[in-house]
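Structure first, commentary second.
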Amino acid sequence: MNILELHGVTKQFGGLVAVSAVDLEVPQGSIFSVIGPNGAGKTTLFNCISGFYRPEAGRIIFDGVSLVGLRPDQIAALGIARTYQNIRLFGRMTAIENILVGQHSRLKSGLAGALFRLPRTRREEQEALDKAHQLLDFVGLSGYGDMFAHNLPYGQQRRLELARALASEPRLLLLDEPAAGMNPRETEELMAFIRRIRDELHLTILLIEHDMRVVMGISDIVAVLDFGEKICEGTPQEVRCNPRVIEAYLGKGVA
Amino acid sequence: MGLRTGIRTGLIAAIVTIFLILIGVHMLMGRLLQSWFYVPAHWPGVWLMVVLLGLWAGSRAVGQMKARSWGNTLLAGASAGIIQGALVGAALYLLASITQAGVDLRAWLTQMSQESIAALTLGLAPLPAAGFIGGVLLVSAVAGAAWREWRLRVHAARLARGERTVSLRERLLEIPAVAQVSSNPLSRRVLMGVFMVLLLIAPFFLGQYWNYNLGTVGIYVILGLGLNIVVGMAGLLDLGYVAFFAVGAYTMALLTAPQPHHIQMSFWLALPIGVLLAAIAGILLGIPVLRMRGDYLAIVTLGFGEIIRILSKSDVLTGFTGGPRGVRNVGHPVLFGKDIGNEFYFFYFILIGVILAIIITRRLEHSRVGRAWRAMREDEKVAQAMGIYTLKYKLMAFAMGAAMAGFSGAIFASRNSFTGPEDFVLLVSINVLALVIVGGMGSIPGVILGAFVLKGLPEILRELEDYRVLVFGALLVVMMIVRPQGLWPASRPQLERPRPEEEALEEAPAELVEGEVGS
């Protein structure tokens, strides 16, 4: 069963076609990677899915619900969480607060609850805090919970961003170049961690990466974008040998 | 090396000194010393300022030097002093000769009276007077340089002995009693209690004038806490905040005053209506403008603030708002048949308002709503991706801030028995924003401190009169350079629970322990 389906999604900026009639079918529980050279339209595709761009054409169906026209916060509430290529944490909030914000759409209390300290609100806050501690543990940031996010070292910021995304209990996790700025060893560890997230938390992962080697080990399916078009899709093995992919990455004539 | 820094510093010091003399700050110092320390004449204050400026020039010259030695120090101090003394002396010579020739300088420089110049010439002829002030400046500059050199050497020797320099805060915490009080929550609470009791009995001793001024500070605390929600937490730069203050004040005034509407509602009924209308105004203004960001939002809100004021005094609406003459005889609160509309009762009334505003802010700050606001301030797009409906939360912040402004506006109008368009000039918005920034954005004690510094201090420094705005401006500039985070910045919330290691391992569910081992 597919948790996410894209049918003919097209996004233009003026005359530039950033994403052109892309179809994707992401099976539930898979690790699905979208790769492609810089400027291939990968992040634009993410922004279409998470509601920041409205595609000119095409349909995006998440678990039977059409996402086109929904606001980003509504899409987040449906169970899609994301991270960013250049880490975007809430800098002047502590690590725990970042995770608490991540839980926003899972919590209910509003103005009245906060102003009158209703028992329901207090219970909810307590549970949210418990969960934040669990997540802090899960990504290995125990002891850093009360530090401002912008004071954390780079690697830990990455992990905090993951914890924040996981806090919303997503069914689909969008990761935008999570290995950016990491050395090969760290990248390997990260990929193992991503697999662990999928297995332990039973969610689907859609991963963007421009470095092809990074995703080969963990992906179930790989789709390749080039100049906004999907040029091939298949298992890592199939994609690696595809002449069009080699051409896109290395230039004409090499294949 | 010493010569160059000396000359440069001397130039700067001379410009500063001449400027301060031209605007008459030396006379102000003289009068301040006279009235505060019962000095019989004003010349000691005048010359204290001159000597201090000389000391500053010498000390600054040494502070700017890289290669230091006693020779260099003397050179720097002397050159700074000579430059400063010569230029200031020349300026004084000019001023004194012109005055002597019978020209009244006050036509151009309002503070340059005969008396003001005589305080510097000490009755001497222009030339000897110029020589005298130059000499004084030279001596003080050399002394300042020597003093700085000595301080720096003591400091260096202390560092060489491995002694660390400690901040005032650390030094205070070294005193056992202070450390105990600051670490023990119970004693902190007792301290708070003592403070509260002092506040409660204060109006009995302070008298009308101070009760009124403390009330004004309180009104600004409430305004500041409200704007703090909008600017400090939600990060929406609102320069038209006074509009909501005006809505609250006019609601109170129009509903309770005999003119122009003859409704004469009770204060107690008009107050919640004022708060509610201000909140609604916040939402109504918010809907069109909140799609904008940063600078654009600031400009548009600035416009809205002015629109409200101009509307309130427009001819068309005179029948409704009372026009430029405002509304008189605004109703007072009446409790058990007694009019409690004087400074004394209003002090308590405002105190209750302040406490309420503090409780509201504290509860919101660390709730789901407050976190959403702060997340929006940090990164609006990401906040949206986390499921925060930013438009809704922005309107909520605007409405909460506006409600607090409405509350203080309603009290303000009733306390003054009057309100008019001139109560709601742009300066009010700017003042409130300044007190939030000076105090420390997003910090409750910061806002309170800011209100005291910006609204209370000017009342204490009544003698400064014309110079208040100057001092205020200088203070703001210095603040932004020395302490941009504000006087009392917001503290980080401590939410992470320390985990006793063994216990955690024993009690944690099996899968979690495995997970840890596995990672």
Side-chain angles (χ1 to χ4, degrees), chain A residues 50-52 71-77 80-82 84 88-98 100-111 113-117 121 124-125 128-129 132-134 136-140 142-149 164-165 167-168 193 196 200, chain B residues 232-233 235 356 359-393 396-397 399-400 403 441-442 485 489-499 501 504 508-509 511-516 518-519:
Chain A
S50 50
F52 285 101
R71 291 191 313 265
D73 53 281
Q74 294 172 319
I75 291 172
I80 298 181
R82 69 174 292 185
Y84 294 82
R88 284 171 79 171
L89 288 164
F90 303 121
R92 281 177 303 160
M93 295 175 80
T94 65
I96 283 197
E97 284 184 305
N98 269 275
L100 288 172
V101 173
Q103 296 182 46
H104 185 89
S105 51
R106 295 282 156 263
L107 305 178
K108 289 184 194 69
S109 64
L111 215 49
L115 287 181
F116 302 113
R117 290 247 163 105
T121 305
E124 189 184 79
E125 279 292 297
L129 203 56
H133 277 87
Q134 280 171 24
L136 213 58
D137 254 2
F138 185 70
V139 298
S142 293
Y144 293 95
D146 288 333
M147 274 177 78
F148 273 144
R164 185 181 65 181
S168 66
F193 187 61
R196 192 181 139 208
E200 285 183 21
Chain B
M233 286 200 223
L356 262 176
I359 292 174
I360 290 173
T361 312
R362 279 189 58 157
R363 293 196 164 178
L364 286 181
E365 200 175 9
H366 297 296
S367 70
R368 175 169 172 260
V369 178
R371 284 192 304 265
W373 281 337
R374 282 179 293 143
M376 247 164 38
R377 171 193 74 196
E378 296 295 310
D379 192 326
E380 199 181 325
K381 279 277 166 68
V382 179
Q384 240 179 325
M386 293 298 129
I388 295 165
Y389 185 18
T390 47
L391 198 67
K392 174 180 150 195
Y393 279 90
M396 257 159 91
M400 274 311 297
M441 261 216 264
Q485 71 274 40
S491 58
R492 269 183 297 128
Q494 305 291 317
L495 294 173
E496 187 167 12
R497 293 184 282 255
R499 287 190 325 155
E501 284 303 317
E511 74 237 67
L512 213 147
V513 177
E514 275 165 33
E516 270 182 354
S519 65

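Keep in mind it's a predicted model, so treat the numbers as computed, not measured. Scope of the values below: all heavy atoms of this structure, side chains included, with no hydrogens, waters or symmetry mates. Every chain is numbered from 1, with letters handed out A, B, ... down the list of sequences.
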**Study point:** Which atom of B/A372 lies closest to which atom of A/H104, heavy atoms considered
**Key:** CB-CE1, 3.8 Å
Point to revise | Part of A/R117 lying under 4.5 Å from any heavy atom of chain B | key: both
Exercise for review: Among B/I360, B/L364, B/L495, single out the residue with the greatest number of heavy-atom pairs under 4.5 Å to chain A.
Suggested key: B/L495
Practice item. Please determine if A/R71 forms a cation-pi arrangement with B/Y389, meaning its NZ or CZ atom is less than 6.0 Å from the six-membered ring centre and no more than 45° off the ring axis. Key: yes
Review point. Which residue out of B/K381, B/M400, B/M396 racks up the most heavy-atom pairs below 4.5 Å with chain A?
Key: B/K381
Practice item. Using non-hydrogen atoms and a 4.5 Å limit, figure out which bit of A/L100 sits close to chain B: side chain, backbone, both or neither. Key: both
Point to revise | Residue pair B/G232 / B/M441: nearest heavy atoms and the distance that separates them | key: CA-SD, 3.8 Å
Revision key, fill the gap. Chain B shares the most heavy-atom pairs under 4.5 Å, among A/A114, A/S105, A/A165, with A/A114
Practice item. Can you tell which part of B/V369 gets under 4.5 Å to a heavy atom of chain A, answering side chain, backbone, both or neither? Key: side chain
Exercise for review: Output the option from A/G143, A/A132, A/A77 having the highest count of non-hydrogen pairs under 4.5 Å with chain B.
Suggested key: A/G143
Check your understanding: If you count the non-hydrogen atoms of other residues, nucleotides and ligands that lie under 6.0 Å from OH in A/Y144, is the total more than 12?
Key -> no
Point to revise | B/R492 and A/E97 ion-paired at < 4.0 Å | key: no
Exercise for review: First locate atom CG of A/L89, then atom CD of B/E378, and finally report the distance between them rounded to the nearest 0.5 Å.
Suggested key: 10.0 Å
Point to revise | A/F193 and A/F138 aromatic ring geometry - parallel, tilted or perpendicular at 30°/60° bounds | key: tilted
Practice item. Go through A/L111, A/L129, A/T94 and name the one with the most non-hydrogen pairs under 4.5 angstrom from chain B. Key: A/L111
Study note, to complete from the structure: Heavy atoms of A/A81 and A/S168 approach each other most closely as CB-OG, 3.6 Å
Exercise for review: Check each atom of A/L136 against the heavy atoms of chain B and say whether the ones under 4.5 Å are side chain, backbone, both or neither.
Suggested key: side chain
Revision key, fill the gap. dist A/M93:CE -> B/R377:CZ (nearest 0.5 Å) comes out at 7.0 Å
**Study point:** Option in A/N98, A/I80, A/V101 with maximal non-hydrogen atom pairs under 4.5 Å from chain B
**Key:** A/V101
Review point. So which of B/H366, B/R368, B/R362 has the largest heavy-atom pair count under 4.5 angstrom toward chain A?
Key: B/R368
Exercise for review: Check whether A/S50 gets within reach of chain B through its side chain, its backbone, both or neither, counting any heavy atom under 4.5 Å.
Suggested key: neither
**Study point:** Side chain, backbone, both or neither of A/F148 within contact of chain B (heavy atoms, under 4.5 Å)
**Key:** both
